[in-house]
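Note that these values count all heavy atoms, side chains included, but never hydrogens, waters or copies made by symmetry. This one's a predicted model, so the numbers in the text were calculated from it and none came from an experiment. For the single chain, residues carry numbers from 1 onward in sequence order. Counting starts at 1 for both ligands and their atoms, following the listed order.
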Amino acid sequence: MATLVTGGSGFIGSHTCVEMLNAGREIVVVDNYCNSNPEALRRVRELTGKDFPQYEADVRDKAALSRIFEENDIDSVIHFAGLKAVGESVQMPIEYFDNNLISTLVLLEVMREHGCKRLVFSSSATVYGAGNQPPLTEEMPLGTPTNPYGRTKSMIEDILRDLCVADKEFSAVLLRYFNPIGAHPSGRIGENPNGIPNNLMPYVTQVAVGRLPKLSVFGDDYDTPDGTCLRDYIHVVDLARGHLCAVDYSANHTGAEAINLGTGEGYSVLDLVKTFMKVNEMDVPYVIAPRRDGDLPAVYSCPDKAKRLLGWETEYGLEEMCRDSWNWQKNNPNGFNA
Ligand code: NAD
Ligand code: UDP
């Protein structure tokens, strides 16, 4: 039996494929490469020495997805496929709702037609909104997302909760990621953003590699220890291992279960920049800039539920995240487009 990995060529998907294959699991990957490069999957094979079926298709294409289910014995799905840029989602709400919601609905229809009832979904800490005090726990009331991207995550969580009410055999594990950074320690796969990055770590690595002149630190007047925002950065390999645990958990579970994947530690923007400079023995020029609209002062998880239900804990710290992000960037200055 195999796990279908939608969006498996992307940043988190490719790392999850490595962990799944190294654990001896069978996977089938579907991706339309709208935000990734199939070279990532070639490198997954290189890193693991294992092969797997790989389909170029849009998850919204029902005929294509049905064929994948007909050609493979799929008993579970990890659903990464989706658009994820917050700013872009404000400019292109129709594309975000269309891609993220329709892909999920088509996937659920095809799963139902094939009797597949185990789904692990890529949700996000963004569903907690602004009203909760960290550390964030899964029981807290969900907030109102401030952008279309966040709304798609909240809406898909709702869809999956409703589905689990209607179908008592369905298992939906809603993994709420905090801030994934880092890369596989080999430096062969990593994050490959299009254009100028919006997120902190890819911006830092692109300054470090000389593609961008300097980092702007968005605000140093927050009510935090050094005035810059706190986030719960998590190594992508730890995050990937969490998916393996979630797939296993779904085998003996029914209902919709939200689970945080974070370290439980809040690090500031300056903590991250200074740790990056220290472990990689290099300078990263930065300036203090105005606050960015919509940023919350502090977002970090309580990771206890993941430990309790999944037996999962993070292994990597901020130093390894900074080391591995840089190792990836310096060995692949143009990402997969070398
Ligand atoms: P990514 O863009 O690297 O990966 C997403 C993959 O899905 C890409 O390979 C893309 O080509 C593919 N894809 C998108 N729409 C598709 C479609 N309709 N059909 C087929 N393939 C499609 O992003 P990522 O960082 O690996 O994120 C994976 C998931 O995790 C996304 O759903 C994202 O919203 C969620 N997430 C990411 C973060 C983060 O900071 N990276 C945080 C929280 C949640
Ligand atoms: N950040 C920054 N400069 C940048 C990008 C991000 O100072 O060029 C800050 C941002 O204000 C936030 C933190 O880094 O406090 C993490 O931002 P990111 O976009 O990576 O994640 P998110 O906002 O989704 O938590």
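Side-chain atoms of Arg291 come within 3.5 Å of backbone atoms of Asp221 as a donor-acceptor pair (strictly under, hydrogens ignored). Asn192 places no side-chain N or O within donor-acceptor distance of the main-chain N or O of Phe11, the cut-off being under 3.5 Å. When atom types are taken as modelled, the side chain of Ser171 and the backbone of Thr254 share no donor-acceptor pair closer than 3.5 angstrom.
Under a 4.0 Å heavy-atom criterion, Ser123 is in contact with ligand 1. Not a single heavy atom of His79 sits closer than 4.0 Å to an atom of ligand 1.
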Arg43/Asn332 under side chain to side chain donor-acceptor pair (under 3.5 Å): CA gap, chis, key distance, verdict = CA-CA 13 Å; Arg43 295 192 187 182; Asn332 305 269; 2.9 Å; yes

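Going from atom CG of Leu41 over to atom CZ of Phe52 covers 4.5 Å, rounded to the nearest 0.5 Å. Between the OG1 atom of Thr228 and the CD1 atom of Ile288 there is a distance of 7.5 Å, given to the nearest 0.5 Å.
Taking distance alone, with nitrogen or oxygen atoms compared against 3.5 Å, Ile12 approaches ligand 1 more closely than that limit. When only interatomic distances are considered, the shortest N/O to N/O separation between Gly10 and ligand 1 falls below 3.5 Å. Backbone and side-chain nitrogen or oxygen atoms of Tyr149 are examined, and one is located within less than 3.5 angstrom of a nitrogen or oxygen of ligand 1. Of the N or O atoms in Asn99, one or more lie within a sub-3.5 Å distance of an N or O in ligand 1. Annotation: Leu83 places no N or O atom under 3.5 Å from an N or O atom of ligand 1; distance criterion only. The N/O atoms of Ser124, backbone and side chain alike, include none that comes under 3.5 Å of an N/O atom in ligand 1. Inclusion of Ser9 in the set of residues having an N or O under 3.5 Å from an N or O of ligand 1 is not warranted. The N/O atoms of Ser36, backbone and side chain alike, include one that comes under 3.5 Å of an N/O atom in ligand 1. Remark: ligand 1 and Ala81 share no N or O pair separated by less than 3.5 Å (distance only, no angle test).
Considering Asp58, Val236, Ile102, Val29 only, the shortest heavy-atom separation from atom 18 (N) of ligand 1 involves Asp58. Of the options Ser14, Pro180, Ser89, Cys34, the smallest heavy-atom separation from atom 40 (O) of ligand 1 is shown by Pro180. The nearest non-hydrogen atom to atom 32 (O) of ligand 1, considering only Phe80, Phe11, Tyr33, Phe178, comes from Phe80.
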Listing, residues 274-282 side-chain donor-acceptor contacts under 3.5 Å, not counting sequence neighbours, or none:
| from | atom 1 | to | atom 2 | distance (Å) |
| --- | --- | --- | --- | --- |
| Thr275 | OG1 | Asp271 | O | 2.6 |
| Lys278 | NZ | Glu319 | OE2 | 2.9 |
| Asn280 | ND2 | Phe276 | O | 3.3 |
| Asn280 | ND2 | Cys322 | O | 3.3 |

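In terms of protein heavy-atom proximity, atom 11 (O) of ligand 1 is closest to Asp31 OD1, 2.7 Å. Protein heavy atom nearest atom 43 (C) of ligand 1, with residue, atom name and distance: Tyr177 CD1, 3.5 Å. The protein heavy atom nearest to atom 24 (P) of ligand 1 is Lys84 NZ, 3.7 Å. Looking only at heavy atoms of the protein, atom 5 (C) of ligand 1 is closest to Gly82 O, 3.9 Å. Scanning all protein heavy atoms for the shortest distance to atom 2 (O) of ligand 1 gives Asn35 ND2, 2.7 Å. Atom 13 (N) of ligand 1 has as its closest protein heavy atom Asn32 OD1, 3.5 Å. Protein heavy atom at the shortest distance from atom 19 (N) of ligand 1 is Val59 N, 2.9 Å.
Aromatic ring orientation, Trp328 versus Phe336: tilted (interplanar angle from 30° to 60°).
Each of Val77, Asp167, Leu163 was evaluated against Leu108; a single residue qualifies, Leu163, per the side-chain contact (heavy atoms from CB on, under 4.5 Å) test.
With ligand atoms numbered from 1 in the order given, ligand 1 contributes 29 (C), 30 (O), 32 (O), 35 (C) to contacts under 4.0 Å with heavy atoms of Ser122. The ligand atoms of ligand 1 that sit less than 4.0 angstrom from a heavy atom of Ala57 are 19 (N), 20 (C).
Ring centers of His253 and Phe170: at least 6.0 Å apart, outside the cut-off.
Each of Asn179, Asn198, Asn199, Leu200, Tyr203, Leu215, Ser216, Val217, Phe218, Cys229, Arg231, Tyr233, Val269, Arg292, Asp295 has a non-hydrogen atom positioned under 4.0 Å from some atom of ligand 2.
At least one test fails for Arg231 against the ring of Tyr267: distance under 6.0 Å to the centre or angle within 45° of the axis. Annotation: cation-pi pair Arg176/Tyr128 present, NZ/CZ under 6.0 Å from the ring centroid and within 45° of its normal.
If you look at Glu191 next to ligand 1, there are no close heavy atoms at all, none under 4.0 Å.
Residues Pro135 and Cys302 approach most closely at CB-N, 3.9 Å, considering heavy atoms.
Grouping the Ile, Leu, Val, Met, Phe, Trp and Tyr side chains by contacts below 4.5 angstrom, directly or via other members, places Leu105 apart from Leu83.
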